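Residue indices begin at 1 and follow the sequence shown. Keep in mind that what you see is a predicted model, and the values were worked out from it rather than measured.
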Amino acid sequence: MREQVDVVIAGGGPAGSTTASYLAKAGHKVTLLEKAQFPREHVGESLLPFCYPILRELGVMERLERRFVRKPGVRFVDVDGRSQTTWCFGHVIKGPEALSFHVRRAEFDNVLLENSSRLGVAVRQRTKVTEVELEREGGGVLVRSVDDEGVAREHEARFFVDATGRDTFLAGRLRTKRPHRDLDRAALSTHWLGADMAGGIDEGLLQIVYLGGEKKGWIWVIPVARGRISIGCVLNHGYIREQKAKLQEQGVEDWQEALYRQELLSSPFVARVIKDARVAMPLAFNGNYSYYSESKYGDRYAIVGDAAAFIDPILASGVYLSIKSAQLVAGAVGVQLREGAEAGRAAIDAAYAEINGAYKLVDRAIHLFYNPVSINFAQAGGAANLLHEEHKDALAAGHYLLAGDFFANHKKYLEFIELLQKPKTYERYKKLVVKNTSYDTATCGYDAEAVFGAIMDEAEELAGAERSAGAERSAGDDPAS
Ligand SMILES: Cc1cc2nc3c(=O)[nH]c(=O)nc-3n(C[C@H](O)[C@H](O)[C@H](O)COP(=O)(O)OP(=O)(O)OC[C@H]3O[C@@H](n4cnc5c(N)ncnc54)[C@H](O)[C@@H]3O)c2cc1C
């Protein structure tokens, strides 16, 4: 079986569905092949405010506002709980964008993919891309797929987009995948029900607890629903290996579970949050951290999202990097389809100059986070607020970075980061800003109603369902009934 379209896209996560939707909106014939059946679980639940304009353009904002928890900012906390800084998007972003989202990815990704179908994309789920010929005589590409019933198909297209996420379909085949060795981390994560929501979780803040030292790690606490919290722990691989050996020597059977709990309990803040909570799903282990593809595009292909690069998720940047890249690439591919190879090449060069700049900026900001002699986001209390006083421009940069201003202004922020890396400048900055606690803020000023709205309490909902299932069972057991 063979079909002919303008563009074939492999992968239906945020990068693939966004590329497909923009191309379909521009009138192109698009087929998207996704190996899983949605909704499917995925890690990466906290979004940045800069996603907002794209989600609005895609036409999904109303559904998101009805379904997901709102996120007014980020709080960085030191592991001992002594220092913390709350960065509120509302300090620099006005209007509804100041409130971002925390999402259940299974549902969020499904909303985006269903929306692609609505816009005219031919979406085939349970269909895996197995091969692609990029150098065909006479132009175009040939993509081969197989569905989960074993039916093989061929798809002829003028352009191929790889959005296969951390499977890195093309980078694997082209042998262009390279690791960021200095960001060699892995994450352990799961959801909790019935957690203690006090201390900023009830205000929708993403909380990041910095573990410091040899762990080079941190913990995320994300309220994904009322009463349901995602908690993940990111650790250096070297430390994980060492702890694994230690725990196994002690006879611990499930070392991942033991390590996860050990790290969570090392933070008094997280220990309190989970004190009376229970785990809601199996623990996930995400390794294969931080890599990039040396080549991200060619005459007839482009790679977007995690398939092109993945960087440590400390800034919660992945979904935004993916959908913004997808928007830029879709625009450039549209130029190629309409105006031909030469105009297309110039447009794709320009799109990737911006994309590569954004990834470089995020990479630098992440290194800043892990650099013990540089800025500590948890101790930058003054910085978070002083920027509204006499140091507006320089310090607003911190807020804009955490909100996702990575693309158009990446050069400006790169300069800002370079400045903070210089010991002398940093010392001055520390004296003036970091040690000045008089600017500390404890809240972004939102209450639970604004953040959780009409979203049900999942812990209570589940407990209710369990109670009524129990009641039904005991009624069924009753010989008199
Ligand atoms: C531990 C961790 C925490 C994170 N936290 C955050 C966060 O808080 N905020 C944030 O924004 N980001 C976060 N991220 C990053 C975020 O999850 C990703 O950047 C985002 O999912 C990338 O989207 P994507 O569409 O490129 O890839 P994906 O969402 O992975 O989608 C790729 C799709 O391709 C499909 N596929 C793969 N191979 C094939 C094939 N051969 N044929 C057909 N289909 C195929 C897969 O089934 C999948 O559905 C985190 C990541 C990790 C690992």
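For the pair Arg126 (side chain) and Gln37 (backbone), a donor-acceptor distance under 3.5 Å is absent. A donor-acceptor pair is defined here as one N or O able to donate and one able to accept, closer than 3.5 Å; such a pair exists between the side chain of Arg300 and the backbone of Leu134.
Salt bridge status for Glu65 with Arg56: absent, with no side-chain N to carboxylate O gap under 4.0 Å. A salt bridge does not link Asp147 with Arg124: every distance from a Lys NZ or Arg NE/NH1/NH2 to an Asp or Glu carboxylate oxygen is 4.0 Å or more. Checked for salt-bridge contact, Lys216 and Asp184 miss the test: no charged N lies under 4.0 Å from a carboxylate O. Salt bridge present: Arg63 and Glu114 bring a charged side-chain N and a carboxylate O closer than 4.0 Å. Looking at Glu131 and Arg173, no side-chain N of the basic residue comes within less than 4.0 Å of a carboxylate O on the acidic one, giving no salt bridge. Salt-bridge formation is not detected for the pair Lys246/Glu242: no Lys NZ or Arg NE/NH1/NH2 atom is positioned less than 4.0 Å from an Asp or Glu carboxylate oxygen.
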Let's go through Asp196 and Lys275 carefully: what are the C-alpha distance in whole Å and the side-chain angles of both, what is the deciding distance for salt bridge (charged side-chain N to carboxylate O under 4.0 Å, His left out) to 0.1 Å, and is it a yes or a no? CA-CA 8 Å; Asp196 182 349; Lys275 190 167 158 280; over 6 Å; no
CA sep, side-chain torsions, deciding dist, call: Gln243, Gln262, side chain to side chain donor-acceptor pair (under 3.5 Å): CA-CA 10 Å; Gln243 292 299 307; Gln262 164 189 309; 3.1 Å; yes
Go through the steps to decide whether Tyr22 and Val329 satisfy the test side-chain contact (heavy atoms from CB on, under 4.5 Å), and finish with yes or no. CA-CA 9 Å; Tyr22 273 106; Val329 167; over 6 Å; no
Quick one, Asp405 with Tyr413, criterion side chain to side chain donor-acceptor pair (under 3.5 Å). Give me CA distance, side-chain angles, the key distance, then yes/no. CA-CA 9 Å; Asp405 192 7; Tyr413 298 118; 2.7 Å; yes
Phe50 vs Ser100, side-chain contact (heavy atoms from CB on, under 4.5 Å): CA-CA, chis, key distance, verdict: CA-CA 8 Å; Phe50 271 65; Ser100 187; over 6 Å; no
Audit row: Phe89, Tyr400, ring-ring contact (aromatic ring centres under 6.0 Å, His included) steps and yes/no: CA-CA 8 Å; Phe89 302 134; Tyr400 277 117; over 10 Å; no
Go through it in stages, so that I can follow the logic: the residues are Arg105 and Glu45, the test is salt bridge (charged side-chain N to carboxylate O under 4.0 Å, His left out), and I'd like the CA-CA distance, side-chain angles, deciding distance and then a yes or no. CA-CA 6 Å; Arg105 280 291 300 277; Glu45 298 145 321; over 6 Å; no
Apply side-chain contact (heavy atoms from CB on, under 4.5 Å) to Lys35 and Asp167, showing your working. CA-CA 11 Å; Lys35 72 173 181 184; Asp167 281 25; 2.6 Å; yes
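Counted by atom type alone, Thr130 and Arg144 present zero donor-acceptor pairs between their side chains at under 3.5 Å. Between the side chains of Thr176 and Ser293, a donor-acceptor pair is found at a separation under 3.5 Å. Between the side chains of Trp220 and Ser46, no donor-acceptor pair of N or O atoms lies under 3.5 Å.
Taking the six-membered ring for Trp and thresholds of 30 and 60 degrees, Phe406 and Tyr320 have ring planes inclined between 30 and 60 degrees apart.
Under the side-chain contact (heavy atoms from CB on, under 4.5 Å) criterion, Ala106 pairs with Pro39, Glu41, sequence neighbours left out. Every residue two or more places apart in sequence or in another chain was checked for a side chain to side chain donor-acceptor pair (under 3.5 Å) with Ser267, and none qualifies. Contacts of Lys411 classified as side-chain contact (heavy atoms from CB on, under 4.5 Å), with partners at least two apart in sequence or in another chain: none.
You'll find the side chain of Pro223 stays beyond 4.5 Å of the side chain of Arg228, heavy atoms only. Two residues are said to be in side-chain contact when any heavy atoms from C-beta on lie closer than 4.5 Å; Leu55 and Leu64 meet this criterion.
The aromatic ring centres of Tyr297 and Tyr352 sit less than 6.0 Å apart. In summary, the aromatic rings of Phe68 and His102 are positioned with their centroids too far apart to meet the 6.0 Å limit.
When each of Ile231, Ile219, Val279 is paired with Tyr260, the side-chain contact (heavy atoms from CB on, under 4.5 Å) condition holds for Ile231 and for no other.
Within 6.0 Å of NZ on Lys128 lie no more than 12 heavy atoms contributed by other residues, nucleotides or ligands. Within 6.0 Å of CD in Glu294 there are more than 12 heavy atoms belonging to other residues, nucleotides or ligands.
No cation-pi contact links Arg178 to Tyr291, judged by a cut-off of 6.0 Å to the six-membered ring centre and 45° from its axis. Cation-pi check for Arg166 over Phe310 is met; the charged atom lies under 6.0 angstrom from the ring centroid and within 45 degrees of its normal.
Here the closest heavy-atom approach between residue Glu97 and residue Ile93 is recorded as CB-CG2, 3.7 Å. Nearest heavy-atom pair across Asp306 and Thr168 is O-CG2, 4.0 Å. For the residue pair Leu265 and Ala271, the shortest heavy atom distance occurs at CD2-CB, 4.0 Å. When all heavy atoms of Ser189 and Val43 are compared, the pair lying nearest together is OG-CG2, 4.1 Å.
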